[in-house]
Structures are given as structure tokens and as C-alpha cells.
Amino acid sequence: MNQLTVELPSNISIEEARLLLSVKLFETGKLSLGQAAKLAGFSKKTFIELLGKMGVPVIDYPAEELEREISF
């Protein structure tokens, strides 16, 4: 596993930075839901709730595909 050391401004906690990094890595597809939740230090359920509060979709399903599925 790789390690990263970052100096954070005093107004950003380690927990907040870890959460934001985890969310972005999940959002860009670099980490799975489980991996991102673990990195953030939360259960999957709690991480999903946090994603919802941050407006990040848990399931990335293109609208066109959904429309095709429904029209059958």
C-alpha cells in the first residue's frame, strides 16, 4: 500500500481530509465503495449516507440505459 503525507491547514481535520479524499477516489472510480468506506474509516452504510449528503451518487447508471431497461 502507498503512503501519502500531507500538511493540512489548521482548519481542516485529518478525518475531514480523509473523508474528502475517499469520496473523490470513489467518485472517479479509483476505489470501490468498500475500499473508500474503509479508507474514510466508516462502515459501508455510513459512507453511503455521507455520499448522499454530499450529492455523490452511489450507483452510476446512465439515464439512457435506464430508459432502455424501462421501455422493455
Side-chain angles (χ1 to χ4, degrees):
M1 179 177 266
N2 293 326
Q3 186 173 3
L4 172 67
T5 303
V6 178
E7 288 188 38
L8 297 170
S10 60
N11 63 328
I12 300 176
S13 70
I14 293 170
E15 293 77 18
E16 181 183 11
R18 186 176 289 133
L19 173 62
L20 293 172
L21 176 62
S22 300
V23 168
K24 193 52 143 176
L25 290 171
F26 170 74
E27 189 176 27
T28 59
K30 301 289 184 186
L31 291 181
S32 69
L33 178 67
Q35 291 169 324
K38 184 177 179 180
L39 178 62
F42 294 101
S43 68
K44 284 184 189 178
K45 180 181 183 233
T46 301
F47 191 69
I48 289 170
E49 290 172 3
L50 291 169
L51 288 172
K53 289 178 182 177
M54 298 173 92
V56 176
V58 176
I59 300 171
D60 185 19
Y61 203 74
E64 304 82 40
E65 283 187 43
L66 182 59
E67 194 171 311
R68 279 194 299 257
E69 298 263 343
I70 293 173
S71 66
F72 280 108

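Values in this document were obtained by computation on a predicted structure and should not be read as measured data. Position 1 is the first residue of the sequence; numbering continues from there.
Taken together through direct or relayed side-chain contacts under 4.5 Å among Ile, Leu, Val, Met, Phe, Trp and Tyr, Leu25 and Ile59 form parts of separate hydrophobic clusters. Residues Leu31 and Leu33 fall into different hydrophobic clusters, defined by Ile, Leu, Val, Met, Phe, Trp and Tyr side chains chained together at heavy-atom separations under 4.5 Å.
Note that CG of Leu51 is 11.0 Å distant from OG1 of Thr46, once rounded to the nearest 0.5 Å. The CZ atom of Phe26 sits 8.0 Å away from the CD1 atom of Ile48 when rounded to the nearest 0.5 Å. With rounding to the nearest 0.5 Å, the separation of CG in Leu39 from CG in Leu21 is 5.5 Å. Atom OG in Ser22 sits 5.5 Å away from atom CZ in Phe47 (nearest 0.5 Å).
Applying the side-chain contact (heavy atoms from CB on, under 4.5 Å) criterion to Leu20, with sequence neighbours excluded, gives Glu16, Met54. Every residue was checked against the side-chain hydrogen bond (donor to acceptor under 3.5 Å, both in side chains) condition with Lys38, not counting sequence neighbours, and none meets it.
Pairs passing the salt bridge (Lys or Arg N to Asp or Glu O under 4.0 Å) check and including a residue from residues 42-53, sequence neighbours excluded, read Lys45-Glu49.
For Lys30 against Gln35, the heavy-atom pair with the smallest separation is O-OE1, 4.4 Å.
Heavy-atom neighbours of Leu8 CG from other residues, nucleotides or ligands within 6.0 Å: above the threshold of 12.
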(request) Tell me, with the steps shown, if Leu4 and Asn2 meet side-chain contact (heavy atoms from CB on, under 4.5 Å). (result) CA-CA 7 Å; Leu4 172 67; Asn2 293 326; over 6 Å; no

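Taking the charged nitrogens against the carboxylate oxygens, Glu27 and Lys24 do have a contact shorter than 4.0 Å, which makes a salt bridge.
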